[in-house]
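I have placed the structure first, in the form of structure tokens, so that the comments after it can refer back to it.
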Amino acid sequence: MKKKINLINIKINQSSKKKLSKLNLRNKIAIGDWCELIENIYLNKKDYKFLDFNNWHNLKKKSQDSHLIMTTYDYFLKFLTFKLNEIHKKKETQKFWEILLGRWLFAYIHNIYSRWQIVQEIKKDFRIETLITSEYEDLDFIPNTSQDSHWIMMSPYNDYWNTLIFNKIIKFMFKKKIKIRYIKKQKIKLKKNYSYNSIFFSNVINFSLNKKIFFYDLSLDKKIRFLLMVQNYFLNFHLCKKKINLKNKTNKELRNQLRPKKKVFKNEFFKFLHLDIIFRVPKIFLENFDDLNNTYRSLNWPKKPDYIISSYAQYYDEVFKYYCAKKIKKSKLYILQHGYNNIFADKDIYSGNIDKKISSSFLTWGKNYKDNSKAFIFPYKSHLDNKINQNKKILFILYAFNEKPFFPLNGFISGNKKNIKTIKLVENFIKNSSLEIQKNSFAKLMSHSMIKGVNKSIKYKFPKLVFIDSKKNFSQIINNFNLSIHFFLGTPFFESMHHNKPCILILDKEMHLNFDKKFSIFLKYLKKNKICFEKADEASRFITLNYDNISKWWKNKSLQKSRNEFCEVYCRNFKNDNKILKKIF
């Protein structure tokens with residue numbers, strides 16, 4: 001017999017707690033751990049139990065989920081290609097629309113699927129007597145651009161949208177068979193910083209003597225970028241950015257044209273997406289599509305480029321995406337790897353997969369050949385001083401994660417669990433460290449980490465630990481420390497390895513996507529040379545023993561051999577092949 005519960009689907013704060021306490025209902029349980037967040041895990045406890053269906057170890061099911069997500073993506077890409085061509089009276093190819101909206105579509109599908117799975121599990125195991133929630137309207141969450149959509153779906157502050165989507169899925173699955181109690185029934189307005197109601201572009205000075213090469217928003221060290229132009233006989237400079245404000249009106253009639261004509265669907269998930277997607281397609285692809293087309297026509301960018309290169313613009317720069325989509329038939333699009341990538345199982349579906357799908361070649365940070373990857377170099381500060389600072393200072397590199405669900409249940413843990421693991425890893429490391437190490441330790445929370453709980457909890461537990469300004473890039477401060485400790489495998493670890501700076505990775509596998517076989521083999525060598533540890537206390541004891549001889553340990557021949565081999569594949573030095581800038585074309 002299924003257990004009866006009263007399901008809470010709202011943000012639980014002081015205001016809602018008072019209202020929840022007045023409800024004469026037993027077995028009140030939150031839909032997930034994100035409903036009630038604790039800013040300091042050492043001071044506060046949750047008042048309500050919560051459901052948790054995540055299973056990191058079910059990697060076979062994770063692969064099946066990945067296949068389902070990509071099958072769904074392919075179907076809806078084809079569907080939107082047909083519909084948007086019909087609406088705008090165009091004859092653009094599927095590749096055109098994939099470059100323009102593929103990243104948004106993929107993010108939308110896996111965000112919805114993560115919530116869909118949770119409700120599936122609830123339906124399988126529980127009988128919901130009452131849904132305790134708030135009421136929001138679909139029209140409040142129609143995004144202006146793909147950047148706006150990303151913020152609405154994946155921001156740590158997306159409580160309203162998160163509540164709305166869960167409400168819709170629950171009502172869809174349970175066919176209105178449950179009682180609903182609304183705690184707060186009102187329309188809401190998104191905060192101003194949620195609104196990305198503009199598109200941007202900059203005119204360029206582009207001149208080529210040989211192959212016509214155009215780059216835009218390219219993350220490459222200035223000296224290497226200059227050499228790229230010199231070796232390939234071209235110039236590429238960007239002028240000031242221009243801003244175009246978009247209309248903010250919603251055309252319901254236009255959006256209704258996205259409804260499918262057929263009434264039979266492949267499965268219930270497809271059916272739900274068809275009902276929901278009309279509210280999720282960004283206005284830039286519907287209501288404001290003409291503005292985008294007109295902006296493209298006004299560009300002074302190369303008319304017939306041989307190569308287009310970018311690191312970031314393919315994400316959310318609508319004008320650049322439109323330009324690429326128009327040129328892709330006769331031009332090659334190169335996307336330079338941004339962030340740690342090309343190391344995960346299931347074809348890197350949640351990291352570089354879309355970049356690889358839309359590009360002619362995916363330029364990797366090293367000789368890491370996967371799919372359409374092409375060996376390139378690590379793009380950041382290759383001329384940074386690689387001397388080791390002997391000041392005995394240690395820097396902790398920390399991340400904080402969005403607690404809301406946006407990955408499937410299998411092969412992942414919740415963002416809240418990741419944050420608690422981070423706090424506990426730091427605690428275990430410091431507790432097993434000598435007093436001298438504790439006195440010389442500093443912490444840096446990466447700048448895009450907007451969650452307050454990690455910072456506040458660690459500061460409370462270790463008030464003497466100094467946090468460095470998170471706005472400073474890692475490369476700006478790396479020379480100020482003898483050693484960096486990475487509590488998550490992110491770009492700063494690859495930077496440290498690339499610059500030959502002493503570093504240690506404390507790797508809790510459950511905090512990461514599962515790695516591919518090649519990277520897993522490299523991790524074994526890093527563990528052998530004490531660069532990587534799975535337990536914080538073991539890393540702490542090792543550093544305590546070698547604290548006075550960090551340089552001696554780091555310069556060990558076996559370690560340096562492993563580091564060089566690792567870097568050649570994952571964060572290659574430009575000096576190892578300075579002809580690469582010409583060979584890629």
Side-chain angles (χ1 to χ4, degrees), residues 215-231 236 238 309-315 334-343 348 351-352 355 359 361-368 373-389 395-399 444-449 468-481 483-505 519 522 526 531 554 563-581 583-584:
F215 63 73
Y216 197 84
D217 210 354
L218 182 64
S219 179
L220 196 61
D221 180 72
K222 289 180 181 178
K223 292 182 180 179
I224 301 176
R225 190 185 302 180
F226 176 73
L227 289 172
L228 176 73
M229 292 190 286
V230 170
Q231 290 187 18
N236 195 103
H238 297 270
I309 319 173
S310 185
S311 302
Y312 308 105
Q314 75 280 3
Y315 292 165
Y334 282 5
I335 293 178
L336 175 56
Q337 179 180 338
H338 164 62
Y340 70 117
N341 208 318
N342 239 29
I343 60 175
D348 297 270
S351 51
D355 283 350
S359 64
S361 289
F362 183 68
L363 305 182
T364 68
W365 288 349
K367 293 181 178 178
N368 186 12
S373 297
K374 203 168 189 175
F376 196 54
I377 55 171
F378 193 70
Y380 307 126
K381 296 285 182 183
S382 284
H383 301 276
L384 195 73
D385 177 18
N386 61 3
K387 292 180 181 178
I388 297 174
N389 195 320
L395 179 64
F396 298 163
I397 298 297
L398 309 172
Y399 285 76
K444 173 177 169 54
L445 191 65
M446 296 307 290
S447 59
H448 59 273
S449 303
I468 292 173
D469 183 3
S470 63
K471 292 180 182 178
K472 289 185 177 180
N473 293 329
F474 180 65
S475 60
Q476 291 177 292
I477 60 174
I478 188 174
N479 280 332
N480 301 332
F481 296 89
L483 175 70
S484 58
I485 311 294
H486 302 256
F487 290 84
F488 180 79
L489 178 60
T491 302
F493 176 74
F494 291 89
E495 285 189 72
S496 299
M497 294 288 280
H498 172 75
H499 298 307
N500 204 6
K501 300 290 184 179
C503 58
I504 280 179
L505 171 65
F519 192 75
F522 271 102
L526 297 186
I531 296 176
W554 189 253
R563 188 199 72 82
N564 286 329
E565 290 172 351
F566 179 90
C567 290
E568 190 66 8
V569 178
Y570 298 109
C571 43
R572 191 178 180 211
N573 197 310
F574 170 61
K575 294 175 184 177
N576 292 354
D577 186 1
N578 54 22
K579 294 181 180 178
I580 188 67
L581 300 179
K583 284 195 292 187
I584 60 167

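- With a 4.5 Å cut-off on side-chain heavy atoms, Phe376 and Leu581 count as touching.
- Closest non-hydrogen pair, Lys444 versus Phe474, comes out as CE-N, 4.1 Å.
- Under a 3.5 Å cut-off, the side chain of Tyr334 and the backbone N or O of Ile584 do form a donor-acceptor pair.
- Between Phe494 and Tyr380, the ring center distance fails the sub-6.0 Å criterion.
- Distance alone, capped at 3.5 Å, places no donor-acceptor pair between the Arg563 side chain and the Ile531 backbone.
- Between Met497 and Leu526 there is a side-chain heavy-atom pair separated by less than 4.5 Å.
- The shortest side-chain heavy-atom distance between Ile468 and Phe481 falls under the 4.5 Å cut-off.
- Between the side chain of Asn368 and the backbone N or O of Tyr570 there is no donor-acceptor pair closer than 3.5 Å.
- A donor-acceptor contact shorter than 3.5 Å is absent between the side chain of Asn473 and the backbone of Ser475.
- From Ile477, atom CD1 reaches atom CG of Leu395 across 5.0 Å, with rounding to the nearest 0.5 Å.
- Looking at Ile478 and Ser484, their side chains never come closer than 4.5 Å, going by heavy atoms from C-beta outward.
- Side-chain atoms of Trp554 and Asn500 include a donor-acceptor pair closer than 3.5 Å.
- Put simply, the side chain of Gln337 gets close to the backbone of Gly339: a donor and an acceptor are under 3.5 Å apart.
- Between Tyr315 and His338, the ring-plane angle classifies as tilted under the 30° and 60° cut-offs.
- Residues Tyr399 and Thr491 come closest through the heavy atom pair OH-N, 3.7 Å.
- Separating the CG atom in Asn573 from the SG atom in Cys567 is a distance of 8.0 Å, to the nearest 0.5 Å.
- Here CD1 of Ile485 is found 10.0 Å from CG of Leu505. Values are rounded to the nearest 0.5 Å.
- Rounded to the nearest 0.5 Å, atoms CG (Asn480) and CG (Asn389) are 7.0 Å apart.
- Phe566 is listed as a side-chain neighbour of Phe519, based on a closest heavy-atom distance under 4.5 Å.
- Looking at every heavy atom in both residues, Tyr340 comes nearest to Gly490 through CD2-CA, 4.1 Å.
- You'll find the ring centres of Trp365 and Phe378 inside the 6.0 Å limit.
- Residues Leu483 and Ile504 approach most closely at CD1-N, 4.3 Å, considering heavy atoms.
- To the nearest 0.5 Å, atom CG of residue Asp355 and atom CD of residue Gln314 are 4.5 Å apart.
- The minimum heavy-atom distance between His498 and Arg572, with the atom names listed, is CE1-O, 3.6 Å.
- A distance-only check finds a donor-acceptor pair linking the side chain of Thr364 to the backbone of Gly366 [under 3.5 Å].
- At least one side-chain heavy atom of Leu218 sits less than 4.5 Å from a side-chain heavy atom of Ser311.
- Rounding to the nearest 0.5 Å gives a distance of 4.0 Å between CD1 of Ile224 and CD1 of Ile377.
- Side-chain contact between Asn341 and Phe362: present, with at least one pair of heavy atoms (C-beta onward) separated by less than 4.5 Å.
- In this structure, a donor-acceptor pair under 3.5 Å is present between the side chains of Lys501 and Asn479.
- When all heavy atoms of Ala375 and Ile580 are compared, the closest pair comes out as O-CD1, 3.5 Å.
- Aromatic ring pairs are classed by plane angle as parallel below 30°, tilted from 30° to 60° and perpendicular above 60°; the pair Phe215 and His238 is tilted.
- Remark: side-chain polar atoms of Asp348 are paired, donor with acceptor, to backbone N or O of Ile343 under 3.5 angstrom.
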